[in-house]
K.L.:
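Encoded as structure tokens, here's the structure I'll be asking about.
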Amino acid sequence: MVAAQPFSVQLLLMKASVAPIILAGAIGLYRWRQLPRTLRYLLALVGLTLLTELVSRLLWLQHRPNLFLQPFYTAGEFGLLVLLYRQVLRSAAFDRATPWLLGGFGTYILVSSLLAPDLAQHSSVLRVVESVLVLGLLGLYFRKLLNELTVEHLEREPMFWVSLGLLLYFLGDVHIFLFSNFLLNYSKQFNMTVWAIHAVLYMVLYCCISLALWLPRRK
Amino acid sequence: MAPPEEVTFSWLLLSAVVLMLLLGAGLVMFLVVYQKRLLRQQKQQRAAEMAYQRQLLAATIEAQEYERERIGRDLHDGIGSTIATAKLLVHRLEQMVPGGHAELFTMVTDILSTAVQDTRRISHNLYPAVLTHFGLAEALRHLAKVSDEAGPLRVQLTLDYAGLLPVQQELALYRICQELVNNAMKHARGATLLTVSLQPQGQVLTLTVADDGCGFDRATLPSGGAGLRSIDARVRMLGAQLLSQSAPQQGTRISIEIPTASASLSHAQH
């Protein structure tokens with residue numbers, strides 16, 4: 001994705017962004033037997049992210065294009081998040097909407113991938129659409145928290161931390177994804193700064209996921 | 001000189017990202033604070049509902065006990081006295097009528113005596129005057145003595161009670177004991193001994209009724225007749241805890257634990 005650069009804080013942050021993902025994966029595997037079904041979907045997401053990171057970095061080291069991975073990763077990430085929130089929301093209406101959401105988004109990715117002239121621009125649009133949909137999922141979850149009042153201590157609820165991490169990540173990144181292609185042609189230095197901010201948000205997300213996987217199961 | 005477009009745009013984008021993050025953080029903080037407030041309100045509402053339910057229960061039981069006392073007193077003072085008077089008049093009639101009919105008079109006297117005893121027993125069951133005059137300990141001694149004499153089981157009573165509870169709570173506890181003893185007399189097949197004890201254990205006063213009878217399997221027991229429901233209502237009114245141990249062929253042991261700290265608080269309120 002990015003050509004070799006001399007050392008900089010931005011580059012260090014981007015390289016270090018994989019650390020919380022590895023931490024989340026390690027915690028998830030360590031606590032696999034104690035994890036409820038909901039959080040196993042989360043672990044699957046961590047696994048998908050790690051796999052994508054690994055393949056993406058291998059290709060980058062070999063100076064090969066890796067942007068083609070983005071649509072697959074986006075589809076997988078969105079699918080796992082929808083399945084995760086279906087378990088959490090436990091709503092008949094959402095259960096009925098799930099196949100349409102997954103099928104609709106999947107079809108959109110497939111069609112737009114085949115028809116898109118520019119892969120970079122297409123990837124950014126995909127991420128913006130995904131951000132909006134995931135923010136919708138989070139809205140449903142927070143609404144359920146306020147309506148049902150079944151969680152007494154939010155700080156001990158794993159899904160609260162997952163949702164917080166996702167909210168900060170997608171809210172922060174929606175503008176980054178919107179202007180990512182514009183930035184490439186505008187200023188390399190500023191482009192690096194913006195992607196460093198993305199890396200920080202990415203690390204915050206996976207720190208929240210690590211915390212969620214570590215929290216003991218609520219009785 | 002106008003600032004370069006690149007610098008203006010970069011500040012705009014960074015501001016937009018920071019603004020969105022602040023919005024997200026603000027939203028979550030609002031959610032947390034609002035959720036805690038809603039939870040607090042829900043807890044307060046539930047506590048108020050429970051307090052109301054307890055007050056309603058106490059008022060219902062008080063009304064029931066008032067009616068029982070009224071009916072018991074009317075039975076004893078009214079019908080009981082009338083039957084006793086009739087018995088005296090029959091005895092006088094026997095003396096006035098010369099010879100004969102001795103058997104008939106004896107039969108009538110016996111029937112009237114039985115009626116007087118039954119009236120007294122029913123009147124006492126309805127309202128234990130011993131409790132109001134002499135307290136819970138004496139009432140339990142009387143209950144144990146009457147049950148021992150009249151029932152099929154030997155009754156053994158152990159008492160270590162210093163009069164900690166107010167009258168309404170003593171009456172509720174007496175009713176529970178009465179119901180448990182009646183249940184054991186009726187249903188504890190094969191039992192030979194019924195033990196009743198009222199003893200303090202730390203901050204708790206424990207009433208225990210145990211028998212060595214056939215026991216029962218809680219899983220197969222129907223949801224409960226009027227007697228069990230009345231025990232349950234009184235246990236809730238006392239703020240006590242009911243512990244039940246029973247298994248087929250292993251007897252039954254039922255304990256009621258009443259916190260004496262709450263008793264002294266309710267005593268202060270009265």
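We name chains A, B, ... by the order of the sequence lines, and we start the count at 1 in each one.
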K.L.:
Look at atom CH2 of A:W195 and say whether more than 12 heavy atoms of other residues, nucleotides or ligands are closer to it than 6.0 Å.
P.N.:
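Enclosed: over 12 neighbouring heavy atoms sit under 6.0 Å from CH2 of A:W195.
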
K.L.:
If we define contacts as heavy-atom pairs under 4.5 Å, which of B:V17, B:L13, B:L23 has the most with chain A?
P.N.:
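Top option by heavy-atom pairs under 4.5 Å: B:L13.
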
K.L.:
Quick check for you: to the nearest 0.5 Å, what is the distance between B:M20 atom CE and A:L135 atom CG?
P.N.:
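Answer for the CE-CG pair, B:M20 versus A:L135, is 7.5 Å.
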
K.L.:
Can I get a per-line list of side-chain donor-acceptor pairs under 3.5 Å for residues 39-50 of chain A, giving both atom names and the distance, sequence neighbours left out?
P.N.:
from	atom 1	to	atom 2	distance (Å)
A:R40	NE	A:L35	O	3.3
A:R40	NH2	A:W32	O	3.0
A:T49	OG1	A:L45	O	2.8
A:T49	OG1	A:Y73	OH	3.2
A:T49	OG1	A:Y206	OH	2.7

K.L.:
Could you tell me the separation between the CG atom of B:L14 and the CZ atom of A:F190, rounded to the nearest 0.5 Å?
P.N.:
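Spacing of CG (B:L14) from CZ (A:F190) equals 4.5 Å.
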
K.L.:
Pick one of side chain, backbone, both or neither for A:L149, based on which atoms fall under 4.5 Å of a heavy atom in chain B.
P.N.:
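For A:L149, the contact with chain B is made by backbone and side chain together.
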
K.L.:
Pair up each side-chain donor or acceptor in residues 37-58 of chain B with any protein partner under 3.5 Å, not counting sequence neighbours, and list the distances.
P.N.:
from	atom 1	to	atom 2	distance (Å)
B:K43	NZ	A:E152	OE2	2.8

K.L.:
Does atom CZ of B:R253 have more than 12 heavy-atom neighbours, drawn from other residues, nucleotides or ligands, at distances under 6.0 Å?
P.N.:
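Counting neighbours around CZ of B:R253, 12 or fewer heavy atoms of other residues, nucleotides or ligands fall under 6.0 Å, so no.
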
K.L.:
Answer with side chain, backbone, both or neither: which region of A:F142 has an atom nearer than 4.5 Å to a non-hydrogen atom of chain B?
P.N.:
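Both backbone and side chain.
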
K.L.:
In terms of heavy-atom contacts, does CZ of A:R57 have more than 12 from other residues, nucleotides or ligands at under 6.0 Å?
P.N.:
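Counting neighbours around CZ of A:R57, more than 12 heavy atoms of other residues, nucleotides or ligands fall under 6.0 Å, so yes.
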
K.L.:
Picking from A:L168, A:D173, A:I197, what satisfies side chain to side chain contact (heavy atoms under 4.5 Å, CB included) with B:L21?
P.N.:
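Result: among A:L168, A:D173, A:I197, A:L168 is the only option passing the side chain to side chain contact (heavy atoms under 4.5 Å, CB included) with B:L21.
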
K.L.:
Check each atom of A:L178 against the heavy atoms of chain B and say whether the ones under 4.5 Å are side chain, backbone, both or neither.
P.N.:
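Neither; nothing under 4.5 Å.
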
K.L.:
Non-hydrogen atoms of chain B under 4.5 Å away: do they reach the side chain of A:F160, the backbone, both or neither?
P.N.:
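Looking at A:F160, just its side chain touches chain B.
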
K.L.:
Could you give me the CA-CA distance, side-chain angles and deciding distance for A:V151 and B:Q35, then say whether side chain to side chain contact (heavy atoms under 4.5 Å, CB included) is met?
P.N.:
CA-CA 9 Å; A:V151 179; B:Q35 195 250 14; 4.2 Å; yes

